[in-house]
Amino acid sequence: MSDTQTLIENRPPSVAAVFLERVAATPDAEAYRYPVPAASGEGPDDWKSLSWGQTAERVYSIAAGLIELGVQPEQRVALSSSTRVEWILADLGILCAGAATTTIYPQTNAEESAFILSDSGSKVLFAENAEQLAKAREKRAELPDLTHVVVIDAAGVETGDWVLTLAELEQRGAAYLEKNPDLIKEKVGAITKDQLATLIYTSGTTGRPKGVRLPHDNWAYMAKATAATGLISSEDVQYLWLPLAHVFGKVLTSGQIEVGHVTAVDGRVDKIIENLPVVQPTYMAAVPRIFEKVYNGVAAKARAGGGAKYKIFQWAAGVAREYAKVAQDNYRRTGTASVPFGLGAKHKVADALVFAKIREAFGGNLRACVSGSAALSPEIGYFFSGAGIHILEGYGLTESSAASFVNPGEAYRTGTVGKPFPGTEVRIADDGEILLRGPGIMEGYHGLPEKTAEVLEPDGWFHTGDIGELSPDGYLRITDRKKDLIKTSGGKYIAPAEVEGQFKAVCPYVSNILVHGADRNFCTALIALDEVAILDWAKENGLEGKSYAEVVAAPAAVSMVEGYVKELNEGLQRWQTIKKFRLLPRDLDVEHGEITPSLKLKRPVVEREYKHLIDEMYAGSREA
């Protein structure tokens, strides 16, 4: 048995036990950094730190406080908050109490929040602030199981009755621990590997969300398997901004606890650019939309700088992609990421002119990024790789505890999601669907045995619903969602995500795109532009002062996007090409239910909402 297999197979029974091991091993080492407003109320945030020992003190107080409130093993405790250090403390406290965390996105409306609280049977809710508390108060009559709400930010909150603050909970817990000093050790020691740890409701691109039951063994496995990949070390500094209500964000906390590195936590997306030079992370994870926005922002800025500056950027982008492709190909064949002398010389010039500035914007120390949740355009991946920011695509689902595949360090291959985690099995079904089996696979859907049986076979194979291909040496490439494949009226199959990803690499102004063509004789597209980028473009093209809706309706904007559509079509098969498109009057967003909180496109919602535009594009064609 290899050292990796031994590490994974001898894992502790719970992620709470992994946490106790970490605290015992490095109590004085830095665990978390988090921002607090400057004392003056103006200027940049101050960043404070917690050691593992200080983290444990707060976690144990939270755990004891929950036990004192009457929370029992496997009872659900919900968390409705943005990503912040208190989210992690509360989650660990819940787990160390032997309870199970139910995650709720803070953007979720009162009705959907009430559904999750009711369906999960949550006994306690951690609410971030008065806004989150108000949702629970509105639906209190429908939530007989909910006995307490713990508010993290108490500003504007009236406590009493069933509401208390996080500070009050910790005080009660600390007092309870004084009388029961062995409480946490006993509770954690009693947790079994099959005991429920987390109930995550899928954000759902269609239909009502389903609660995914993830026992402690899933997270203990993820902790050990993440460490076994060798991608992170105790010297790393992670910047964590992803929603912790989503499984992609949450899995990052398990690996960190096992390895023991520092994590800087701040979920405010509008602070990412400001925070990166301060935190100077060595690695971070993100969804493709973030890399697309950075790429489009750099391209748009270069274009606004004038013809010469934009030509330099285009030349440098071409060099980056060529450099990355050649280096990866050579590494695959020889084990060395070498490039010819001439290409290396061009790369040095491009680095000085363009790439170094991009790396500096990421903080200057970024070694690698992990991209997941959706497909990243290979052209964008090659660009960043050639610029010295290696994006390691990974793959997993809520039902597989987030991480099932990841690209392996220097041997990464852009356009693939890498190799399976140690201990995870994969096979491709006859219809191309990816099937997974291993310690990361869920127990099932909460209260939905029939839904569970549809995707989970008795022998443990999980049907992902994704279509993919495995290379002879084990690298997986995702081609599309099984249910999202388009079949035209001419019988041709099209993977819309592939076409959409290519357009995002071509057009620096796009925010979202939906390719439509099922049962039609040609493909069309609904395109939403990035508001900041297109309004900057408008200033340079005689449309300054116009609103977003006015700009995208202008013939000049339509003509500009048409040029990028033609560029896209040049690289597509005839049946894939976009024959017509419409610019949407606003961007797609979570509030309108058009994308999920993890930024996945809800195709049925968008197609239903903009049916009139789709019908308009097909009106007058031979099929109409």
Side-chain angles (χ1 to χ4, degrees), residues 75-83 87 91 94 100-123 125-128 132 135-136 138-139 142-143 145-146 196-215 218 242-251 267 287 372-374 396-402 440-456 462-466 481-484 588-609:
Q75 281 190 332
R76 270 70 67 198
V77 176
L79 254 170
S80 182
S81 169
S82 61
T83 292
W87 199 108
D91 181 45
I94 294 165
T101 302
T102 299
T103 69
I104 303 175
Y105 289 100
Q107 302 96 328
T108 306
N109 61 34
E111 182 180 353
E112 192 90 325
S113 295
F115 166 76
I116 294 173
L117 289 168
S118 175
D119 188 69
S120 65
S122 290
K123 184 177 180 66
L125 165 67
F126 283 88
E128 181 172 18
Q132 301 304 321
K135 297 175 189 176
E138 179 185 333
K139 299 290 184 178
E142 303 171 21
L143 302 170
D145 295 326
L146 191 65
L196 182 66
T198 313
L199 192 57
I200 297 182
Y201 282 76
T202 58
S203 49
T205 54
T206 59
R208 190 144 229 180
K210 300 184 290 289
V212 177
R213 295 177 62 88
L214 299 173
N218 287 152
L242 286 167
L244 286 167
H246 187 265
V247 72
F248 187 22
K250 191 174 185 318
V251 75
V287 293
S373 185
L397 303 94
T398 305
E399 292 88 343
S400 68
S401 309
I441 301 301
M442 68 172 180
E443 176 189 310
Y445 295 120
H446 186 65
L448 299 170
E450 293 182 359
K451 292 290 185 182
T452 300
E454 288 176 7
V455 297
L456 196 57
F462 170 66
H463 290 251
T464 66
D466 288 316
R481 286 290 295 171
K482 187 176 181 179
K483 62 187 177 186
D484 286 343
L588 306 178
D589 56 38
V590 175
E591 287 69 28
H592 287 85
E594 298 148 341
I595 57 176
T596 71
S598 57
L599 306 184
K600 294 188 184 78
L601 194 66
K602 289 188 175 183
R603 293 181 187 277
V605 173
V606 177
E607 289 179 340
R608 183 168 59 250
E609 185 169 351

Subject >> Full working for side-chain hydrogen bond (donor to acceptor under 3.5 Å, both in side chains) between Ser118 and Glu142 >> reply: CA-CA 8 Å; Ser118 175; Glu142 303 171 21; over 6 Å; no

Original post:
CD of Glu450: more than 12 outside heavy atoms within 6.0 angstrom?
Top reply: no

Subject >> Approximate separation, where rounding is to 0.5 Å, of Arg213 CZ and Leu199 CG >> reply: 6.5 Å

Original post:
Any idea which heavy atoms bring Ser120 and Ser122 closest together, and the distance?
Top reply: OG-OG, 2.7 Å

**OP:** Measure the spacing between CG of Leu79 and OG1 of Thr101 and express it to the nearest 0.5 Å.
**Re:** 6.0 Å

Original post:
Which pair of non-hydrogen atoms, one from Lys602 and one from Gly593, has the smallest distance, and what is that distance?
Top reply: CD-O, 3.0 Å

Subject >> Nearest-0.5 Å distance, CG of residue Leu117 to OG of residue Ser80 >> reply: 8.0 Å

**OP:** Without swapping roles, check the side chain of Lys135 against the backbone of Pro106 for a donor-acceptor pair under 3.5 Å.
**Re:** yes

Subject >> Flag, side chain of Thr202 to backbone of Lys210, donor-acceptor distance under 3.5 Å >> reply: yes

Original post:
Do Ser82 and Glu128 have side-chain atoms, one donor and one acceptor, less than 3.5 Å apart?
Top reply: yes

Subject >> Note: Asp91-Lys250 ion pair, threshold 4.0 Å (strictly below) >> reply: yes

Subject >> Check: Ser401 side chain, Gly440 main-chain N or O, donor-acceptor pair, under 3.5 Å >> reply: yes

**OP:** Measure up the Tyr105 and His246 rings against each other and bin them: parallel (under 30°), tilted (30 to 60°), perpendicular (over 60°).
**Re:** tilted

Subject >> Nearest-0.5 Å distance, CG of residue Leu125 to CD1 of residue Ile116 >> reply: 11.0 Å

**OP:** For side-chain contact (heavy atoms from CB on, under 4.5 Å), just list the numbers for Thr102 and Tyr201, CA-CA rounded to whole Å, side-chain angles, deciding distance to a tenth of an Å, and then say yes or no.
**Re:** CA-CA 8 Å; Thr102 299; Tyr201 282 76; 4.0 Å; yes

Original post:
Once you round to the nearest 0.5 Å, how far does CG of Leu214 lie from OG1 of Thr398?
Top reply: 8.0 Å

Subject >> Side chain Thr103, main chain Ala245, donor-acceptor under 3.5 Å >> reply: yes

**OP:** Verify side-chain contact (heavy atoms from CB on, under 4.5 Å) between Leu397 and Asp466, making sure each step is shown before the conclusion.
**Re:** CA-CA 10 Å; Leu397 303 94; Asp466 288 316; 4.2 Å; yes

Subject >> Shortest non-hydrogen contact between Leu196 and Arg76, atoms and distance >> reply: CD2-CD, 3.8 Å

Subject >> Closest contact, heavy atoms only, Val590 versus Gln107 >> reply: CG1-CB, 4.3 Å

**OP:** Check Gly249 against Leu244 and note the closest heavy-atom contact, atom names and distance.
**Re:** O-CD2, 3.5 Å

Original post:
Just by distance, with hydrogens left out, do Glu399 and Tyr445 show a side-chain donor and acceptor under 3.5 Å apart?
Top reply: yes

Original post:
Just wondering, do Asp589 and Glu594 contact through their side chains at under 4.5 Å, heavy atoms?
Top reply: yes

Original post:
Taking atom NZ of Lys139 and atom CG of Asn109, what is their separation to the nearest 0.5 Å?
Top reply: 8.5 Å

Original post:
Taking the side chain from Asn218 and the backbone from Ile441, do they hold a donor-acceptor pair closer than 3.5 Å?
Top reply: yes

Original post:
Would Glu609 and Leu588 satisfy side-chain contact (heavy atoms from CB on, under 4.5 Å), going step by step from the backbone distance to the final call?
Top reply: CA-CA 11 Å; Glu609 185 169 351; Leu588 306 178; over 6 Å; no

**OP:** List the steps and the verdict of side-chain contact (heavy atoms from CB on, under 4.5 Å) for Leu242 and Thr83.
**Re:** CA-CA 7 Å; Leu242 286 167; Thr83 292; 5.8 Å; no

**OP:** Specify the closest pair of heavy atoms between Ile104 and Ser113, including all atoms of both residues, with the distance to one decimal.
**Re:** CG2-OG, 3.9 Å

